[in-house]
2 protein chains.
Amino acid sequence: MIEVLPQFNSTFSIDCILFGFDEGELKILLIERNEEPFKDWWALPGNLVSENESLDQSASRILHELTGIENVYMEQFYTFGDIGRHPQGRIISVAYYAMLRLGGDKALKPISNYAKQAHWINVKELPKLAFDHQKIFDQGLEKIKRRIKHQPIAFELLPEKFTLTQLQNVYEVILGKKLDKRNFRKKMLSFNVLKDLNEKQKGVSFRAATLYRFDKRKYGKLFGKEISF
Amino acid sequence: MIEVLPQFNSTFSIDCILFGFDEGELKILLIERNEEPFKDWWALPGNLVSENESLDQSASRILHELTGIENVYMEQFYTFGDIGRHPQGRIISVAYYAMLRLGGDKALKPISNYAKQAHWINVKELPKLAFDHQKIFDQGLEKIKRRIKHQPIAFELLPEKFTLTQLQNVYEVILGKKLDKRNFRKKMLSFNVLKDLNEKQKGVSFRAATLYRFDKRKYGKLFGKEISF
DNA sequence: ACCAGATATTGTAAAATTAACACTTATTGT
DNA sequence: ACAATAAGTGTTAATTTTACAATATCTGGT
């Protein structure tokens, strides 16, 4: 015999911070809501979790519905459950982030019904956000600031082939400070996770830089190490 | 007009890892369940979240009901939402940990109805745990291993007055490795967060060690610094 | 008073890492 | 050829980390 637990039913949602790197700036994908509450406000993409999917699956689904992108690693970072965070009742939200390679077209699918539009917005110029999404964003940004020092997540924002200067830009934008070029290159190369492609950048009107690729095989060496710039 | 969102109702619970340090060992509080499912199994203390409390409040309540302790800082670390993690349906669990100062009596209140007994159990000798609680524990332990290197959480496991050797023991037990005594003391004192009480340990049959107290005023200095042993 | 047992306390030198700092090279466009 | 622009590169000093062992202090027992 299986007893039925006494239940207080509530609802779960997932909210995602999708980070992208474009024109030298860190951006996130925001949607303009088309429904109450917070109609016409900007918000993090999110949705309710359905019955037959895990939290991770739900996060991937939301990403896919919004961008058409699949197979991207998303990481859960905090669950927001304050009373009153949602005006319509008790909705607890599990927050995820992902780092995306933005293609030229920025990979946005036609927007689904719940949003009027979606845009990549510079994190330095965020509008007022719906619900407690500003808080969620703040915490997510702190998370990747810590994360980037230990894990090779910076590569995930860049095209497959990238220059050391581009990589340094990612670090500088996320950490919010300038880094020394020589020390950065020395240290980054010392990890032995970059493969020199013997290939040069194209289409620039100055000396072309060497292209590198992130070498997954050597990935493990970075784990747990503090990278301090 | 406020629309009603389409809802899939599910239930969520809080599970807590309560860490304690006793007899030189790291322990956690486990309860023996008195109800199906997993009747007679050991489990992390947990409970359903009620309608009028935030996640943090719920975690504090569970701690209080079980131990009588109040005003302890608990930290949320992950939310577990795999399908099938609970045999009776969709129950998502938000996991917290706390570090407790174990008094002589270990501060256990009479056990509430849902458990037969509760015990402090050495983390090296854990029994099989109910649900996915082993996974929750593993992740919680990893969390404090990382945390102890950046934040002064080790002090929270010790009595207010403690010796450097006791403090080193906490680090050794959590990190799972021996540390060099001279280097440990040098580094720990260099943070300037320990106040020398000019007072000696009592009741030992050998040279008594100096007692220290954690100095909250200097707390900030530790933040963000990597402590490597 | 002395000794044995147990733990506390202390310093130094080598190695590794980090931090600070500026000039030369390569390429493009005029 | 030269101006403009970013790529690429080494050394030194400072700091941090690591490795390592002898002496001091206290208790309890004789």
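This structure is a prediction, so every number in the text was calculated from the model and none was measured. Quick note on labels: first sequence line is chain A, next is B, and so on, each numbered from 1.
A donor-acceptor distance shorter than 3.5 angstrom exists from the side chain of B:Gln166 to the backbone of B:Thr163, with no hydrogens or angles considered. Remark: side-chain polar atoms of A:Gln76 are not paired, donor with acceptor, to backbone N or O of A:Asp56 under 3.5 angstrom. Remark: the backbone N or O of A:Ser54 is paired with a side-chain donor or acceptor of A:Gln57 at under 3.5 angstrom. Side chain of B:His133 to backbone of B:Leu44: a donor-acceptor contact under 3.5 angstrom is found. Side-chain atoms of B:Asp180 come within 3.5 Å of backbone atoms of B:Asn183 as a donor-acceptor pair (strictly under, hydrogens ignored).
Residue A:Thr165 holds its OG1 atom at 9.5 Å from CD of A:Glu172, rounded to the nearest 0.5 Å.
Whole-Å rounding puts the B:Met188 CE to D:dT17 P distance at 12 Å. The nearest whole Å value for the distance from the CZ atom in A:Arg182 to the P atom in D:dA6 is 18 Å. The distance between atom CG of A:Leu167 and atom C1' of D:dA7, rounded to the nearest whole Å, is 15 Å. The nearest whole Å value for the distance from the CG atom in A:Leu194 to the P atom in D:dG8 is 12 Å. One can place NZ of A:Lys202 at 13 Å from P of C:dT27, the figure rounded to the nearest angstrom. Here the P atom of nucleotide D:dT25 and the CD atom of B:Glu199 are 20 Å apart, to the nearest Å. C:dG11 atom C1' lies 17 Å from atom NZ of B:Lys187, rounded to whole Å. The CZ-P distance, from B:Phe184 to D:dT18, rounds to 14 Å in whole Å.
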Please tabulate, one pair per line, each protein N/O and nucleotide N/O from nucleotides 7-9 of chain C that are separated by under 3.5 Å, including the distance.
unit_1 : atom_1 : unit_2   : atom_2 : d
C:dA8  : OP1    : B:Thr165 : OG1    : 3.1
C:dA8  : OP2    : B:Thr165 : OG1    : 3.2
C:dA8  : N3     : B:Arg207 : NH1    : 3.1
C:dT9  : OP1    : B:Thr210 : N      : 3.0
C:dT9  : OP1    : B:Thr210 : OG1    : 2.8
C:dT9  : OP2    : B:Arg185 : NH2    : 2.4
C:dT9  : O5'    : B:Arg185 : NH2    : 3.3
C:dT9  : O4     : B:Lys181 : NZ     : 3.3

Polar-atom pairs under 3.5 Å, protein N or O versus N or O of nucleotides 28-30 of chain D: list them with distances, or write none.
none

Under-3.5 Å N/O pairs linking protein and nucleotides 11-13 of chain D:
unit_1 : atom_1 : unit_2   : atom_2 : d
D:dT11 : O4     : A:Lys186 : NZ     : 3.1

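Taking the salt bridge (Lys or Arg N to Asp or Glu O under 4.0 Å) definition, one finds that A:Asp138 meets it with nothing, sequence neighbours left out. For the salt bridge (Lys or Arg N to Asp or Glu O under 4.0 Å) test, no residue two or more places apart in sequence or in another chain qualifies with A:Lys200.
A salt bridge does not link B:Asp22 to B:Arg101: none of the charged side-chain nitrogens sits closer than 4.0 Å to a carboxylate oxygen. The pair A:Asp196-A:Arg213 does not meet the salt-bridge criterion, since no charged nitrogen lies less than 4.0 angstrom from a carboxylate oxygen.
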Counting only pairs under 3.5 Å, give me each side-chain donor-acceptor contact of residues 140-147 of chain A, with atom names and distances, residues two or more places apart or in other chains.
unit_1   : atom_1 : unit_2  : atom_2 : d
A:Arg147 : NH1    : A:Glu75 : OE2    : 3.4
A:Arg147 : NH2    : A:Glu75 : OE1    : 3.4
A:Arg147 : NH2    : A:Glu75 : OE2    : 3.3

